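Quantities reported herein were computed from a predicted structural model and do not represent experimental measurements. Letters A, B, ... mirror the listed sequences (proteins, then strands); counts begin at 1.
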Amino acid sequence: MNSDKRIENVTIFFCWSVAAIATMGSLFFSEVMKFQPCVLCWYQRIAMYPLIVLFAIGFFQTAKSTIYFTLPIAVIGWVTALYHNLLHYEIIPESASPCQMGVSCSTVYINWFGIITIPMLSLIAFTMITIALVFLNRSVTNEK
Amino acid sequence: MKNKLIVIISSIVVLVGLFFIGSKLYKSSEKSRIIGLTSDNSKIFYPDYSPVYGNKDAKVIITEFLDPECESCRMFYPKVKELLKMYAGKVKLVVRYATFHQNSVHAIKVLEATRKQNKYWESLSLLFQYQPAWANHHNPQPLLVFSYLPEVGVDIERLKRDMQDPEIDKIIAQDMKDLKKLNVRGTPSFFVNGLPLENFGMGYLYEAVSKEIKKHYK
């Protein structure tokens, strides 16, 4: 029982850390490095930023209720990030994208080691959170 | 419960701290990178082809990246002119372009073509003056500029011909290339004798210019 509680705490803290680092990173890109976020980045930010608050509160609540509130948001963010990556890597043509004036969603700002771009970082963050929550959900359900 | 609170709060403190340290480091590394560019390439702040306002022999050079369609550039422009007047003979302005808006390229082509008629500075002021009309966000009418320019004596027929000059495209392309090199992501962006401003703002521009004036004119 005690070790289950431990897994819950660690998982939720892990999710919170991912959300917090992703938020800080995205703010660093836009406010310090002055990269202008495109429309799709904003949608992903809308999903990511509240997760910090939700996971922080969830840390003090039951795992089950935390999953209920956060998993849908994480999935929405993940789908947006996936779509953004498909655009970014030109799997979906740019003309089909919702971006108009300002910054194009296929603008490449950073490219570390040839694969890590900003949309990729976002997808990685949402994937980590989603997978962690799904696993947590399983272990909580199995308990009963 | 209490332990959890400590964990969360200390994590926040660490992350926020890292954020600020990171931004300090980034800013200082950017600054030294740009200073490096100044020493091995003065052309980037003063290309041969760029329009220059003021005494050609002035020792203080303000390089401004501007976009005729940008509202902040419009607001800054009269103040930059004032600054140039204040230090007449000692400061010159070099205009480079950024094409951050929908009709920027069109407006820049118009401006560059007015140089052939020696009407550049009048035309630039005029485009800024009427910017709310021709560059209206909801209903941009870039062709309106042709109806304003005769006010300062520009021959529109000739202008339309001169706008086709492929040299103008080259200028725009070169400016955009250098802009990327300098990490200019907004307009107006100023460099005073190749140094970026401490921060964005007219006050910082005045400060940077007076510092350079003191250095070069004792």
Side-chain angles (χ1 to χ4, degrees), chain A residues 2 5-38 41 48-63 65-66 70 99-104 107-112 118 121 125, chain B residues 1-31 33-34 65 67 69-72 98-106 135-140 142 176 179-180 182-189 196-197 199-200:
Chain A
N2 232 342
K5 202 79 202 148
R6 209 182 155 78
I7 289 172
E8 283 177 20
N9 285 340
V10 169
T11 312
I12 289 181
F13 182 70
F14 167 78
C15 291
W16 179 84
S17 315
V18 173
I21 291 168
T23 300
M24 290 289 179
S26 81
L27 288 174
F28 192 88
F29 286 136
S30 67
E31 302 312 307
V32 179
M33 300 179 78
K34 306 284 178 201
F35 293 145
Q36 210 185 328
C38 80
C41 299
M48 186 62 83
Y49 293 2
L51 284 178
I52 302 183
V53 179
L54 291 175
F55 283 126
I57 296 168
F59 201 40
F60 301 94
Q61 305 294 325
T62 62
S65 63
T66 309
T70 53
C99 314
Q100 297 127 17
M101 242 172 67
V103 189
S104 152
T107 305
V108 181
Y109 279 132
I110 62 158
N111 195 337
W112 295 331
I118 297 175
L121 288 172
Chain B
M1 178 81 185
K2 210 173 175 187
N3 284 342
K4 285 180 174 178
L5 209 58
I6 291 167
V7 168
I8 289 275
I9 288 172
S10 50
S11 306
I12 291 172
V13 171
V14 168
L15 281 172
V16 172
L18 280 176
F19 184 87
F20 281 103
I21 293 167
S23 55
K24 273 259 151 55
L25 286 177
Y26 178 78
K27 272 189 187 156
S28 67
S29 83
E30 259 309 283
K31 201 170 176 185
R33 196 182 65 85
I34 286 170
F65 279 88
D67 179 341
E69 211 178 337
C70 138
E71 285 126 331
S72 304
T99 58
F100 290 159
H101 293 81
Q102 220 168 13
N103 298 303
S104 308
V105 171
H106 165 78
N136 186 303
H137 284 312
H138 303 290
N139 181 24
M176 288 306 280
L179 172 145
K180 289 212 176 92
L182 291 167
N183 267 345
V184 169
R185 297 205 186 87
T187 49
S189 269
L197 299 188
N199 244 316
F200 180 76

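A pairwise comparison of heavy atoms in A:Phe59 and B:Lys4 identifies O-NZ, 2.7 Å as the closest pair. Across all non-hydrogen atoms, the minimal contact from B:Gly22 to A:Phe28 is C-CE1, 3.4 Å.
No more than 12 heavy-atom neighbours from other residues, nucleotides or ligands sit within 6.0 angstrom of NZ on B:Lys27.
Proximity to chain A is limited to the side chain of B:Tyr26, based on heavy atoms less than 4.5 angstrom apart. With a 4.5 angstrom heavy-atom cutoff, A:Leu27 touches chain B via backbone and side-chain atoms both. The parts of B:Leu5 that come within reach of chain A are both its backbone and its side chain, each placing non-hydrogen atoms under 4.5 angstrom from that chain.
Atom CZ of A:Phe13 and atom CD1 of B:Ile8 lie 6.0 Å apart (nearest 0.5 Å).
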